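Just so it is clear, the model here is predicted, and its values are computed rather than measured. Atoms within each ligand, like the ligands themselves, are counted from 1 in listed order.
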Amino acid sequence: MADIISLLPDHVANQIAAGEVIQRPASVVKELMENAIDAQATEIQLMINGAGKTVIQVIDNGMGMSPTDVILAFERHATSKIKSADDLFSITSKGFRGEALASISAIAQVEVHTKRADDEMATYLKISGSKLEDQEVSVAPTGTSIAVKNLFYNVPARRNFLKSDKVELRHIIDEFHRVALTHPEVKFTFMQNGSELFDLPAVNFRKRIANIFGNKIEEKLIPVQEMTTVAGIEGFIVKPEFAKKSRGQQFFFVNKRFIKSPFLRHAVSSAFQGLLRDQFHPGYFVYMQIDPKTIDINIHPTKTEIKFEDERNLYAIIKSMVKHSLGMFQAAPVLDFERDPSLDTPYNFQQNPPSNIPSIKVDSRFNPFKDSEKGIPKASKSSWESLYSGLEMPNDNSADEELKLAIDEAPKVFQLLRKFIVTSTRSGLLVIDQQRAHQRVLYEKFLTSITKLDMVSQQLVFPKEVELTPQQIALFGELEANLNAMGFVVKQKDNHLHITGIPAICNDKQLGQLFEDVFSPPDNHEQVASFSQADYMAKILSKSLSIKGNLTLSVQEQQALVNDLFACKDTLICPFNRKIFITLDKEELEKKLD
Ligand code: ADP
Ligand code: MG
């Protein structure tokens, strides 16, 4: 019998491969816009006719291509973005497969003008069905213009598969939104059949969201941010009362790339639990920066799904971050305290005189370093687990659980092992980690004072001098405004800081350690600056100033701490994502005694 296997001709192979990358006009829009971003364009124009079925044109003012490169660009696996397999683990560009232009030109008629800034003349190319039909020197501005005409003209089956203009236009707008939201620093315009759909100037994230979804959305946005070793996160959630029946306002971005993640979406939804009516979906715009080595964006051909190495922690972080912001901005119901209805006011405890905070006495026998090795338990898996409760049982009643935690009128408290505070609730027993509780209280207090600029300072009788290294001086420049907002009165003189005032809740004996902590942040400080410096500062200060384990507290101090904790917006976890307390309710006690 004769051999029956033969190699497919290139143009057929290209057409088949094209089907993976280009499903519809919106896929072309995505690829062309992403190429423009990768080419460092600051202005991108999108023009379509006939819902992209007739013409899709993207014009950018990016770096352009040389006459040779532009021809290579249409070859399969031709890319300027990676050189070796190693590069796959540190991708910062949108594209890297070198497939888009080859695929598009296999199934459409493509015309290109491109010019680099230093070149006198531009290059014009015309390619149809993978065939180079024309190549000329032309006159065009710096950048690249690619027009894609009659998509699927040579693959009738696919062309017939396209949906109505309305549906295809919807897909294009969705892609446009995703790219435009990822890059608020780039100016975008979008024309459809000669009339303007969007004109988005270069702005910040918040304004970009407003320019796309209407100015009214701005007042419905609640900021979220979190800086952890797993991810740096910032963005916005939409207040629960403005949730939508569609999922049209749900956006996750990882390293400047739109992604879909049902798993992380669940983290957000579970934080909204109890706040939304049935069939309504929360809105969110969440931007994450994650070490590219810990993610795999290669899992899906069109790259909207990615795999995270640290998925479970990311889930917990996002859930607690959203919960925290909902609480901070008073979108979530507070604990059901019969004893004090005024707790409905966010952060009302900050108006309390500072004496309400347990005073921080330094125990001279107590060595903080020894303590941090032995005394504080490491975050165990179990401390995360409660945060996943919603994942395993979407309908659990953890919100009710929280409500049951209301403390009795005047909480009876006692200290256990100089580390825990034990108190009773209406439904059982509560064991609170004193250090974490205090960190939470201080953290919220500092965060509020940074936002509201109303921290009370106390003047130092003996001003203090702290010497700084040149790096620390640079860092001081960045932190100064937040330090002031937190109640520090600090001036820099040459390589010294001259401290004349400190927050009322701080004591001057702690000052040395505190400034050491502030100026030698454990993590790389660029990250701090780029994500949420205020949040980070609040965390450092709360860690530095909090009472530690192994410290005896008076009954009044214990009571004050319990009250302050339950006046916090998030009472469940400390700023470093560890459980603050555990409960033992009647049933559990009865079961244990059975
Ligand atoms: P990839 O983006 O995966 O590298 P593409 O097929 O999308 O693959 O593009 C191939 C190459 O063509 C890119 O690597 C880039 O060098 C070049 N290119 C494509 N579009 C542009 C553009 N708008 N401006 C400058 N260069 C471009
Ligand atoms: Mg590309």
If the cut-off is 4.0 Å to any non-hydrogen atom of A100, which atoms of ligand 1 fall inside it?
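Every atom of ligand 1 under 4.0 Å from some heavy atom of A100: 6 (O), 7 (O).
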I want to know if ligand 1 touches [X] in the polar sense, i.e. an N/O pair below 3.5 angstrom.
X   : answer
M63 : no
N35 : yes
G64 : no

Sequence neighbours excluded, which residues qualify as salt bridge (Lys or Arg N to Asp or Glu O under 4.0 Å) partners of R247?
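By the salt bridge (Lys or Arg N to Asp or Glu O under 4.0 Å) rule, R247 matches no residue at all.
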For atom 23 (N) of ligand 1, which candidate among N61, D60, L72 holds the nearest heavy atom?
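It is D60 whose heavy atom sits nearest to atom 23 (N) of ligand 1.
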Which option wins on minimum heavy-atom distance to atom 21 (C) of ligand 1: E34, M65, E99?
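Among E34, M65, E99, the closest heavy atom to atom 21 (C) of ligand 1 comes from M65.
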Just heavy atoms, cut-off under 4.0 Å: does L101 contact ligand 1 by side chain, backbone, both, or neither?
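For L101, the contact with ligand 1 is made by both the backbone and the side chain.
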Under 4.0 Å, heavy atoms only, figure out whether ligand 1 is touched by the backbone of A39, its side chain, both or neither.
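Side chain only; the backbone of A39 stays clear of ligand 1.
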Is it true that D38 and N35 share a donor-acceptor pair across their side chains at a distance under 3.5 Å?
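No, D38 and N35 have no side-chain donor paired with an acceptor closer than 3.5 Å.
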Hey, does the Lys NZ or Arg CZ of R578 hover above the aromatic six-ring of F576, less than 6.0 Å from the centre and inside 45° of the axis?
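Because its charged atom misses either the 6.0 Å distance or the 45° angle limit, R578 does not stack over F576.
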Measuring from non-hydrogen atoms of G62 to any atom of ligand 1, is the shortest distance under 4.0 Å?
no
Please confirm whether E31 comes under 4.0 Å of ligand 1, counting heavy atoms of the residue only.
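Not so, E31 does not reach ligand 1.
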I'd like to know if the side chain of S128 reaches the main chain of K131, judged simply by a donor and an acceptor atom lying under 3.5 Å from each other, with no hydrogens or angles considered.
no
With sequence neighbours excluded, residues passing ring-ring contact (aromatic ring centres under 6.0 Å, His included) with Y284:
F252
Can you label the angle between the F253 ring and the Y287 ring as parallel, tilted or perpendicular, going by 30° and 60°?
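Parallel, since the angle between the ring planes stays under 30°.
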Please tell me whether H177 and F198 form a close aromatic pair, meaning their ring centres lie under 6.0 Å apart.
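Centroid distance H177-F198: below 6.0 Å, so yes.
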